[in-house]
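Step one of this worksheet: look at the structure below.
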Amino acid sequence: MSLKIVVLIKQVPDITRVKFDAERGRIDRSSAEAEINPFDLNALEAAVQVKEKLGGTVVAISMGPQNAAVALRDALARGADEAILLEDNKFAGADTLATSYTLAGAIKKLGNFDIIFCGEKTVDGDTGQVGAEVAEFLQVPHLYYVSKVKEVKEDKIVVVSEMEEASYVVECEFPVLVSVTKDVNKPRLPTLREKLKAMKAEIKIWHAENLTDIINLSNVGYAGSPTVVSKVVVPKEKGREGKVFKEINEGIKVVLEELAKKGLI
Ligand SMILES: Cc1cc2nc3c(=O)[nH]c(=O)nc-3n(C[C@H](O)[C@H](O)[C@H](O)COP(=O)(O)OP(=O)(O)OC[C@H]3O[C@@H](n4cnc5c(N)ncnc54)[C@H](O)[C@@H]3O)c2cc1C
């Protein structure tokens, strides 16, 4: 038995440092280091654990600029066997629909697959739509908000899915798309040896022209994106407020009153 597992990896900017270009309504990606979307590290770990249990190959796919090859190299160091970067100017400006259409096209081009793992959402776009849309384009069921992989067999997976107030145990036969939360596992750290090996590994680059037998180019990138962002506003954070008391007893009285009001004393 050899399972074919796909992992969707998006490269995102370090969200704690990134700046926002309010004028153009976009993230200024040059303002911070890029890394694998944290949820996708969990997706990758889940994929590698399945491979280690049942055998198979893990193919990491990312759609993004040339620099996203760095994220794919990291994925190889963490246990992926192959990496494919979908990179082309024609893919630029894609909304979630065009992104999902392109990713699904690449997965179709790979041929048969058993499981696709992805993150529940990204820390930059944060729509949480891509996984479900990829599943729809491929006409396969999807299991969302998966917090635990309970069991994997040669033809099916059993997971715990966190939906609203309840946790569901769901069993699904392959092929299936599984979208994971951060609780599903603890991603491993690559060793120096694994990192060095990944430095030399091949990252396959697929341009739009490599997919024309599968996808319609009018459905990719900006041209294929029905979403229009009319305005983006960066909310102003309310700063901390303070009061200065020159008279110490008055200060203590106010603090005690505030604490009592909040039921803390
Ligand atoms: C009108 C419009 C224009 C945009 N233009 C640009 C642009 O020019 N440049 C730009 O960078 N972004 C652009 N975006 C954002 C882009 O559409 C999203 O980043 C992308 O569609 C993924 O959505 P998300 O980040 O919300 O992913 P989510 O749906 O939150 O992600 C869920 C999971 O899907 C997988 N996934 C998501 N995206 C990818 C990917 N690219 N490759 C592999 N796996 C993935 C990951 O596993 C991820 O955890 C634009 C968005 C809109 C609406």
Side-chain angles (χ1 to χ4, degrees), residues 5-13 15 18 20-21 24-32 34-47 58-72 74-75 78 80 82-107 110 115-138 142-146 177-182 184-185 187 203-206 208 211 219-232:
I5 307 160
V6 174
V7 191
L8 300 179
I9 301 278
K10 186 180 177 192
Q11 191 189 45
V12 295
I15 213 71
V18 76
F20 204 82
D21 179 349
R24 295 168 71 216
R26 282 190 181 179
I27 286 171
D28 174 8
R29 287 172 199 275
S30 62
S31 63
E35 59 186 17
I36 293 185
N37 176 45
F39 295 92
D40 301 353
L41 288 178
N42 297 95
L44 176 61
E45 179 63 33
V58 174
V59 184
I61 303 183
S62 187
M63 187 186 99
Q66 263 179 13
N67 187 42
V70 177
L72 285 174
D74 190 12
R78 291 169 190 261
E82 285 175 45
I84 301 171
L85 175 61
L86 310 177
E87 189 265 316
D88 200 298
N89 279 344
K90 291 195 178 73
F91 299 149
D95 66 4
T96 57
L97 192 69
T99 301
S100 308
Y101 177 75
T102 312
L103 290 170
I107 296 167
L110 279 177
I115 318 175
I116 303 167
F117 282 103
C118 69
E120 65 161 297
K121 61 182 178 182
T122 61
V123 291
D124 59 349
D126 199 6
T127 65
Q129 293 173 359
V130 168
E133 288 178 0
V134 168
E136 286 301 312
F137 278 124
L138 294 170
H142 65 265
L143 306 175
Y144 242 66
Y145 304 116
V146 167
L177 181 141
V178 179
S179 156
V180 301
T181 71
K182 282 187 84 63
V184 76
N185 55 38
I203 309 275
K204 290 185 188 136
I205 311 280
W206 286 1
L211 294 173
N219 293 340
V220 305
Y222 187 73
S225 298
T227 319
V228 178
V229 180
S230 54
K231 192 178 177 191
V232 179

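Just follow the structure's listing: the first ligand is 1, and inside any ligand the first atom is 1.
The backbone N or O of Gly224 lies less than 3.5 Å from no partner atom in the side chain of Asn219, so there is not a single donor-acceptor pair. Using modelled atom types, one side-chain atom of Ser62 and one backbone atom of Ile9 make a donor-acceptor pair closer than 3.5 Å. Judged purely by atom type and a 3.5 angstrom limit, Asp124 has no side-chain atom pairing as donor or acceptor with the backbone of Ile15. Checked by atom type and distance alone, the side chain of Gln11 pairs as donor or acceptor with a backbone atom of Asn67 at under 3.5 Å.
Protein heavy atom closest to atom 3 (C) of ligand 1, with residue, atom name and distance, is Gly93 O, 3.6 Å. Residue, atom and distance of the protein heavy atom nearest to atom 39 (C) of ligand 1 are Lys10 CB, 3.7 Å. Summary of contacts: the protein heavy atom closest to atom 21 (O) of ligand 1 is Thr99 OG1, 2.9 Å. Closest to atom 1 (C) of ligand 1 among all protein heavy atoms lies Thr227 O, 3.2 Å. Closest to atom 10 (C) of ligand 1 among all protein heavy atoms lies Arg29 NH2, 3.7 Å. Closest protein heavy atom to atom 40 (C) of ligand 1: Met63 O, 3.7 Å. In terms of protein heavy-atom proximity, atom 32 (C) of ligand 1 is closest to Gly119 O, 3.5 Å.
The distance from ligand 1 to the heavy atoms of Asp95 drops below 4.0 Å at these ligand atoms: 17 (O), 21 (O), 51 (C), 52 (C), 53 (C). Each of the atoms 24 (P), 25 (O), 26 (O), 27 (O), 28 (P), 30 (O), 31 (O), 48 (C) of ligand 1 lies under 4.0 Å from some heavy atom of Thr122. The atoms of ligand 1 that sit less than 4.0 Å from any heavy atom of Asp40 are 46 (C), 47 (O), 48 (C), 49 (O). Remark: ligand 1 atoms within the under-4.0 Å shell around heavy atoms of Ile9 are 42 (N), 43 (C), 44 (N). Close approach of ligand 1 to Gly128 is summarised as follows: ligand atoms under 4.0 Å from at least one heavy atom of the residue are 28 (P), 29 (O), 30 (O). Ligand-side atoms of ligand 1 in range of Ile61: 43 (C), range being under 4.0 angstrom from any heavy atom. For ligand 1, the atoms sitting less than 4.0 Å from at least one non-hydrogen atom of Cys118 are 47 (O), numbered in the order shown with element in parentheses.
Contact annotation for Ala94 and ligand 1: only backbone heavy atoms (N, CA, C, O) come within less than 4.0 Å of the ligand. Contact annotation for Thr127 and ligand 1: heavy atoms of both the backbone and the side chain come within less than 4.0 Å of the ligand. With a 4.0 Å heavy-atom cut-off, ligand 1 is reached by the backbone of Val130 and by its side chain too. For Asn37, every heavy-atom contact with ligand 1 shorter than 4.0 Å involves the side chain, none the backbone.
Within the 4.5 Å cutoff, the side chain of Ile61 has heavy atoms near those of the Leu110 side chain. Counting only heavy atoms from C-beta outward, the side chains of Val130 and Cys118 never approach each other to under 4.5 Å. Within the 4.5 Å cutoff, the side chain of Pro38 has heavy atoms near those of the Lys182 side chain. Counting heavy atoms from C-beta on, the side chains of Leu138 and Ile116 come closer than 4.5 Å.
How far CD1 of Ile205 is from CD of Gln66: 7.0 Å, rounded to the nearest 0.5 Å. With values rounded to the nearest 0.5 angstrom, Glu82 atom CD is found 12.0 Å from Leu72 atom CG.
Among Thr96, Val123, Asp124, Leu8, the residue whose heavy atom lies closest to atom 35 (C) of ligand 1 is Leu8.
Residues Phe117 and Val180 approach most closely at CD2-CG1, 4.1 Å, considering heavy atoms.
The neighbour count for Asn89 CG, taken as heavy atoms of other residues, nucleotides or ligands under 6.0 Å away, does not exceed 12.
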